[in-house]
Amino acid sequence: MIISIASGKGGTGKTLVATSLALSLKDSHRVMLLDCDVEAPNDHIFLKPAVTGSEPVNILVPKVAEDKCTYCGRCAEVCAYNAIAVLGDHVLTFPQLCHGCGACSYLCPEKAISEEPRETGLVEWGRSDGVEFAHGKLTIGEAMAPPVIRKVKEHVSSDGTVIIDVPPGTSCPVVEAVKGSDFCLLVTEPTPFGLNDLALAVETVRELDIPCGVVLNRAGVGDARVEEYCKKENIPILLTIPLDTEIARLYSKGIPLVEGLPKWKSSFLGLLGRVKVLIDERNRSLKR
Ligand code: SF4
Ligand code: SF4
């Protein structure tokens, strides 16, 4: 079972939910936490894993042999990302814009373009007190998160429960991290910003045909519009976490919620139980 933890915006409590869920399950399940928030991974601050391996992430970028080039401009025409340009008798490449799709080298009529690897990030893996762990780190200044996310997801295990901490937002890195999940938990807060970004995140997961439910964090601030929205859209609120100075204090010290306040463990086990029921119901309805 793969459960992704997403949110339309950063700072809603995704890390708190991902790490608490993993630590609550570890005594009864094989559990793996993959931190795909590669621009700002921070699950490791809470889990403190012993890192046992690492691997750089490379994408293939074009290298032009100008002695073969006729400056026909075909490579610039086919590049959807403006990562290669032909100006007079010069070919300029912009490796940081390149998505490594290979179209330019494939379509160059003179076979003047070869590909060379360019490091854009790093994946590390290890273990923390019964939780298998991996995370990706996008190199500072790089913009291409999806290849790093794909590399982290190579660690998805086919048994046990896999929890994926998804980057915030609704763009390509989110789609890359969420796709293939059995269920997506959307973490939000009861504020107008929370509601706006939740609605965008719901659109994204519905587009991907992934069932979802909400974790309402910092309940007690804001208003009831998130709850009204969830009711109208028939999205279950599966867990409510109150605005609580003790929870905030633990978070600021890098202490997982279920370690600092163990009474929360049963709430996260209950959350998993509700998610399983929803996945089973959906699977049954798809078979009919
Ligand atoms: S497609 Fe090939 S030959 Fe044409 S400008 Fe680009 S590198 Fe040069
Ligand atoms: S590999 Fe793809 S993205 Fe990169 S320069 Fe070539 S066409 Fe553009």
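Order of appearance sets the numbers: ligands from 1, and atoms from 1 within every ligand.
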- Just wondering, do Leu216 and Glu189 contact through their side chains at under 4.5 Å, heavy atoms? no
Atoms of ligand 2 under 4.0 Å from any heavy atom of Gly102, numbered from 1 in the order shown, are 1 (S), 2 (Fe)
Indicate yes or no: does Glu203 engage Arg206 in a salt bridge with an N to O separation below 4.0 Å. no
- Has Tyr106 got more than 12 heavy atoms of other residues, nucleotides or ligands less than 6.0 Å from its OH? no
Residues at least two apart in sequence or cross-chain that pass ring pair (Phe, Tyr, Trp, His ring centres under 6.0 Å) with Trp264, listed by chain then number, are none
among protein heavy atoms, the one nearest atom 4 (Fe) of ligand 2 is Cys98 SG, 2.3 Å
Donor-acceptor pair between Asp43 and Thr19 side chains, under 3.5 angstrom:
no
Atom 2 (Fe) of ligand 2 sits nearest the protein heavy atom Cys101 SG, 2.3 Å
Near atom 2 (Fe) of ligand 1, meaning under 2.8 Å, the protein N/O/S atoms are Cys108 SG
Ligand 2 to Cys79, heavy atom cutoff 4.0 Å, flagged ligand atoms 3 (S), 5 (S), 7 (S), 8 (Fe)
For Tyr81, the ligand 2 atoms with a heavy-atom partner under 4.0 Å come out as 3 (S)
**Item:** Over 12 non-hydrogen atoms of neighbours within 6.0 angstrom of NZ in Lys111
**Value:** yes
In ligand 2, the atoms that come under 4.0 Å of a heavy atom of His99 are 3 (S), 4 (Fe)
